[in-house]
Number of protein chains: 2
Amino acid sequence: MSAHSDSEPALTMRDVAARLGVSPMTVSRALRGQRGIGEATRQRVLAEVAALGYRPNKRARELRSGGPSELIGLVVTNLANPFYSQLAVGLEQICVSYGARVMLGSTGEDPATERDVVADLVDRGVDGLVVVPAGHDHGHLGGLRDLPVVLAASPPMGIDVDCVLVDDFGGTRDACRRLVARGHRRIGFLGLPPSLWTGSERFRGYAVALEEAGIALDERYVSQHRGDSGLAKEAARAMLALPDPPTALLTANNRNTVGALRALRDRAPDEEPVSLAGFDDIELADMLHLPLTVVSYDPVEIGRAAAKLLFERQASTVPQPPRRVTIATTLVDHPAPR
Amino acid sequence: MSAHSDSEPALTMRDVAARLGVSPMTVSRALRGQRGIGEATRQRVLAEVAALGYRPNKRARELRSGGPSELIGLVVTNLANPFYSQLAVGLEQICVSYGARVMLGSTGEDPATERDVVADLVDRGVDGLVVVPAGHDHGHLGGLRDLPVVLAASPPMGIDVDCVLVDDFGGTRDACRRLVARGHRRIGFLGLPPSLWTGSERFRGYAVALEEAGIALDERYVSQHRGDSGLAKEAARAMLALPDPPTALLTANNRNTVGALRALRDRAPDEEPVSLAGFDDIELADMLHLPLTVVSYDPVEIGRAAAKLLFERQASTVPQPPRRVTIATTLVDHPAPR
DNA sequence: CTGTTAGCGCATTCAG
DNA sequence: CTGAATGCGCTAACAG
């Protein structure tokens, strides 16, 4: 019995006004709860609006008023990565509380695509952007018509914008310290490319922890490649085949952890056990065949923090200096079952 | 040295036209590659546009032309669930190939929120909606101003729209058959609420496979609750404590599988081993302490299929009957390590 | 308190 | 091939 189930040319404010014998302005004012309109009139208008199922055209409204679109663009490399999808969840939570929505853009880790996606989102009138950059050149994110931009997981290079970071250095250092405290001296590092901020920071955490312990850095124990579990597995296998293999492995992200786990799984049962610690928590870490120590943090919180930075900057008219929020990490020990 | 790094009132077509000494219409035509304009003029215009960094206002364009917004709304319960984030990835892939973007809406499994989110997305002018429904009442998705809607993971109830389904029944039946083929007669089922389509279909697969094998359904071996790993663990524990406990467990989704795994992990090593099979694949299934059989399928494909249904319907002006696409499943055996 | 005029940025329609 | 008028749906800025 719903009245609006066919495809009439969509009601306009004039239609509503005409049916009521008032001017469109009256409808407009009633709808926006603007004061300066009689209470009786307002009720009459709202009743008619409800009865007709009229919905105002948001784009026409924005065009005329020049107001915000209440739209935030999220640019990530790959939403299938739980890190990014959880970030998206946090971002959306805060956006909704501000009446805004999130528009998605995936880059597939391609900087050229990132440029296009950002341009498209800007053209579509987003009020702000949260970007997990694909490359290290952030120049194209500067001077975006005063559009607030927040970088996630990477500090801005060459531009002055806000960012939300994870404590990559501290987390990795803590994990490495833990391995050292357990008596390990030969610790293999499965890392990310040093061209990535995350990659160099996590490596630095490893290096500093070793230095603190008076352990010399041995290049044979360091591998820095793309975070692909297959490559990580091969790198781990190669390290473990050295004459004096590492007694522990430290991995720089969850892909590397998975690779290391697979390499360790394939070893003979009588071989010396190898300890494992890594950045990023893993679902089912409590179900693995060996104990695992992880650097844990909440990606949802990154999204929330980014959204807050965005809306705070939007709220203030005076220019603010760029801010930097760092999300803390905690070290979590997952014992092996049994 | 980029020219557009401050906050001028944003260029309009008139500005470009004025600088060129032509009318705005000439700029408009050049920009849209419309024929009926001299090649020389077009080049001049495009050069000026590029030099000035002018970008047309998409919303004004849509308002005037009444054309599509090239925006698709995606409504899910929780993007942190990999099922939904992978669906989003597939949806976006196809959308981008059509020049469209995805706008996000999360419902948190609350039907009332779903209504609000859908209404908001419609108000914002999406061209179509992909919805993973939170409830079983889909009435509010009907008669949306002729907006195409595609349901994912659930068939439409009471409305005639397209949908993309997973072969819930066949997948679960196959998994149960496999357990039967391995000699199991007492198979416990950790299911979802039967009010969910997915819940009842997966239960039906279980029931049919048992019937085929001449095994009577035993209520003590059936639990149907929300897909929460904690509840699933308790349910599994209770079943395994029965006088004649099941020798195998069949789980209806990955949350239940995780719960079952934890229940099985906690058993004494000398207890009778229990086989496990479940719907949804799990990362690191190859790293668990016991073999696991899963019903696997590609959530990305669901998103792609939904997008295709949407754009195909958009393309055809004549009314089409509702279509239904079913994504196939495969049974995958993950042996235990060692 | 309400209505009128004008125009957001662009594209359709019709002149030239 | 180009330009001028007109209006998409809505709301500022002014009347009354």
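So you know, we letter chains A, B, ... as the sequences are listed, proteins then strands, and number each from 1.
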Legend entry - Whole angstrom value for the distance that separates C1' of dC10(C) from CG of D123(A): 14 Å
Inset, instruction - Remember a base hit wins even if backbone is also touched, and classify G66(B) as base, sugar-phosphate or nothing at under 4.0 Å, heavy atoms. - result: nothing
Inset, instruction - Tell me whether the OP1 or OP2 atom of dC8(D) has a side-chain N or O from R14(A) closer than 4.0 Å. - result: yes
Legend entry - Integer-rounded Å distance: dC8(C) P and E62(B) CD: 19 Å
Legend entry - CA sep, side-chain torsions, deciding dist, call: M13(B), Y54(B), side-chain contact (heavy atoms from CB on, under 4.5 Å): CA-CA 8 Å; M13(B) 240 168 65; Y54(B) 164 75; 3.3 Å; yes
Inset, instruction - Give the rounded distance in Å between these two atoms: CZ of R59(B) and C1' of dA11(C). - result: 17 Å
Inset, instruction - Using a 4.5 Å cut-off on heavy atoms from C-beta on, say whether the side chain of V164(B) contacts that of E301(B). - result: no
Inset, instruction - For D15(B) and T12(B), indicate whether the former's side chain and the latter's backbone hold a donor-acceptor pair under 3.5 Å. - result: yes
Legend entry - Shortest side-chain distance from Y54(B), nucleotide among dT11(D), dT2(C), dC10(C): dC10(C)
Inset, instruction - Give the nucleotide from the list dG3(D), dA11(C), dG3(C) with an atom nearest to the side chain of V22(B). - result: dG3(D)
Inset, instruction - Could you tell me whether R55(B) and D123(A) have a side-chain N and a carboxylate O separated by less than 4.0 Å? - result: yes
Inset, instruction - Mark yes or no for whether D162(B), through its side chain, and R323(B), through its backbone, hold a donor-acceptor pair below 3.5 Å. - result: yes
Legend entry - Exam field: side chain S65(A) to backbone R61(A), donor-acceptor pair closer than 3.5 Å: yes
Inset, instruction - Calculate the interatomic distance between R61(B) atom CZ and dG9(D) atom C1'; express it in whole Å. - result: 18 Å
Inset, instruction - Round to the nearest Å and state the distance from R124(A) atom CZ to dG9(C) atom C1'. - result: 17 Å
Legend entry - Contact residues, residues 23-34 of chain B to DNA chain D [heavy atom, < 4.0 Å]: S23(B), M25(B), T26(B), R29(B)
Legend entry - N or O in side chain of T41(A) less than 4.0 angstrom from dC1(C) OP1/OP2: no
Inset, instruction - Mind running side-chain contact (heavy atoms from CB on, under 4.5 Å) on L129(A) and V122(A) for me, showing each step along the way? - result: CA-CA 8 Å; L129(A) 282 170; V122(A) 172; 4.2 Å; yes
Legend entry - Check: Q93(B)/R304(B) side-chain N/O donor and acceptor closer than 3.5 Å: yes
Inset, instruction - Examine distances only and state if a side-chain atom of S85(A) and a backbone atom of S85(B) form a donor-acceptor pair shorter than 3.5 Å. - result: no
Legend entry - Toward the 5' end of DNA chain D, by each residue's nearest nucleotide, A60(B) or E39(B): E39(B)
Inset, instruction - Respond yes when some side-chain nitrogen or oxygen of R64(B) is under 4.0 Å from OP1 or OP2 of dT12(C), and no when none is. - result: no
Inset, instruction - Take the C1' atoms of the five end pairs on each side of the helix from dC1(C)-dG16(D) to dG16(C)-dC1(D), get both axes, and report the angle to 10 degrees. - result: 40°
Inset, instruction - Using a heavy-atom cut-off of under 4.0 Å over every strand shown, decide if L63(B) touches base, sugar-phosphate, or nothing. - result: base
Legend entry - Under-4.0 Å salt bridge between D120(B) and R124(B): yes
Inset, instruction - Calculate the interatomic distance between I37(B) atom CD1 and dG3(D) atom C1'; express it in whole Å. - result: 12 Å
Legend entry - Value in whole Å for how far the C1' atom of dC10(D) lies from CG of D15(A): 13 Å
